[in-house]
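Down below is the structure, laid out as structure tokens.
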Protein chains: 2
Amino acid sequence: MKISELATKSQINAKTIRYYEQVGLLKAPQRASNGYRHYQPGDVDTLIFIRRCRELNIPLDDIKRLVEVQADPNASCAVVDKIIAEQLAQVQRAQRELALLEQSLQTLASCSAEQVEKCSILHKLKAP
Amino acid sequence: MKISELATKSQINAKTIRYYEQVGLLKAPQRASNGYRHYQPGDVDTLIFIRRCRELNIPLDDIKRLVEVQADPNASCAVVDKIIAEQLAQVQRAQRELALLEQSLQTLASCSAEQVEKCSILHKLKAP
DNA sequence: CTAAAGGTTACAGCGACAGGAAGGTCAATA
DNA sequence: TATTGACCTTCCTGTCGCTGTAACCTTTAG
């Protein structure tokens, strides 16, 4: 199939697919005589897998390792486990940071002053 | 004062200070005869203000507007209010997204299989 | 025959810096 | 005086995961 069909079936932009090939996440497909990329049905599954990983915010480099691990039946599952655990830890770190951020922003409250000289928000931002 | 002193006092990297000047967030300072940037004491306050805003994850473009508003005593406080409110809303959106992400990652659980063929994580990633 | 739709490459831009190269300047020391 | 080391300058590149654009070629439909 051509790239647009793969894009539709995998729900990934054709440009993104070319990008994935460029960065080595997706292996280069065969080319037709006109230079068009020609994909196999299995490529749809690979891309759907990649998309699910991206929806979990997993970095491309990690996804690359997940894809490689799948190609090697002797590979240990520990690699997969570690990547997912790290991703979870990172999400939890980000959550804690955002919670602090939210608190800080809320203490700024909203300002109903008319002129910036009396603006309570700016006042607090200048001297916390 | 020279840039390194400003960097120390404001707790902002000298490279970052030059970058802020480049993108128009910080006005270009006077130059000494040797070409060195020469800053005024007030610049410390401006940079500390900028740093506090950055700690709240406020984008440089918005900080730029906050700085401009402070220079204009007739400016309305509504601008400030809007920027902070939007920032808060964005942080809250991000929090909701991360909560969903965390859930999804947790349903993948951890995998104790030895071989990737039996890996429950990969299994779930392939067919959710 | 022509126009639209789809394919190709290559390059630039996003945000907010950080790293490094290559060179000029300054103060202190041997 | 020569040199060392710290500091300053500009300019360029890389980060991450794409997306937009330009310029061009191929296929398909009317």
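This structure is a prediction, so every number in the text was calculated from the model and none was measured. The sequence lines fix the lettering, A, B, ..., with proteins before strands; numbering per chain opens at 1.
At most 12 non-hydrogen atoms from other residues, nucleotides or ligands lie less than 6.0 angstrom from CD of A/E117.
A/D43 pairs by the salt bridge (charged side-chain N to carboxylate O under 4.0 Å, His left out) definition with A/K27, not counting sequence neighbours.
Residues from residues 2-18 of chain B that place a heavy atom under 4.0 Å from any atom of DNA chain C, listed by number: B/N13, B/K15, B/T16. Using a 4.0 Å cut-off on heavy atoms, the residues of residues 27-51 of chain B that approach DNA chain D are B/R31, B/G35, B/Y36, B/R37, listed by number. Near DNA chain C, defined here as any heavy-atom distance below 4.0 Å, the residues from residues 54-65 of chain B are B/R54, B/P59, B/L60, listed numerically.
At distances below 3.5 Å, at least one donor-acceptor pair connects side-chain atoms of A/R52 with backbone N or O atoms of B/L125. In terms of modelled atom types and a separation under 3.5 Å, the side chain of A/Q115 and the main chain of B/S76 share no donor-acceptor contact. Side-chain atoms of A/T16 never come within 3.5 Å of backbone atoms of A/I12 as a donor-acceptor pair (strictly under, hydrogens ignored).
Ion pairing between A/R93 and A/E97 fails under the 4.0 Å rule for side-chain N and carboxylate O.
A continuous path of hydrophobic side-chain contacts links A/I121 to B/V79 [ILVMFWY only; heavy atoms under 4.5 Å].
Nearest heavy atom pair, residue A/L122 against residue B/Q70, reads CD1-CG, 3.6 Å.
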Could you tabulate the donor-acceptor pairs under 3.5 Å formed by side-chain atoms of residues 59-67 of chain B, not counting sequence neighbours?
unit_1: B/D62; atom_1: OD1; unit_2: B/R65; atom_2: NH2; d: 2.8
unit_1: B/K64; atom_1: NZ; unit_2: B/V23; atom_2: O; d: 3.2

Evaluate A/K2 against A/R37 for side-chain contact (heavy atoms from CB on, under 4.5 Å), listing each step before the verdict. CA-CA 6 Å; A/K2 284 184 283 189; A/R37 288 171 177 82; over 6 Å; no
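With a cutoff of under 4.0 Å to any heavy atom of chain A, the contacted region of DNA chain C is bounded 5' to 3' by C/dG6 to C/dA10.
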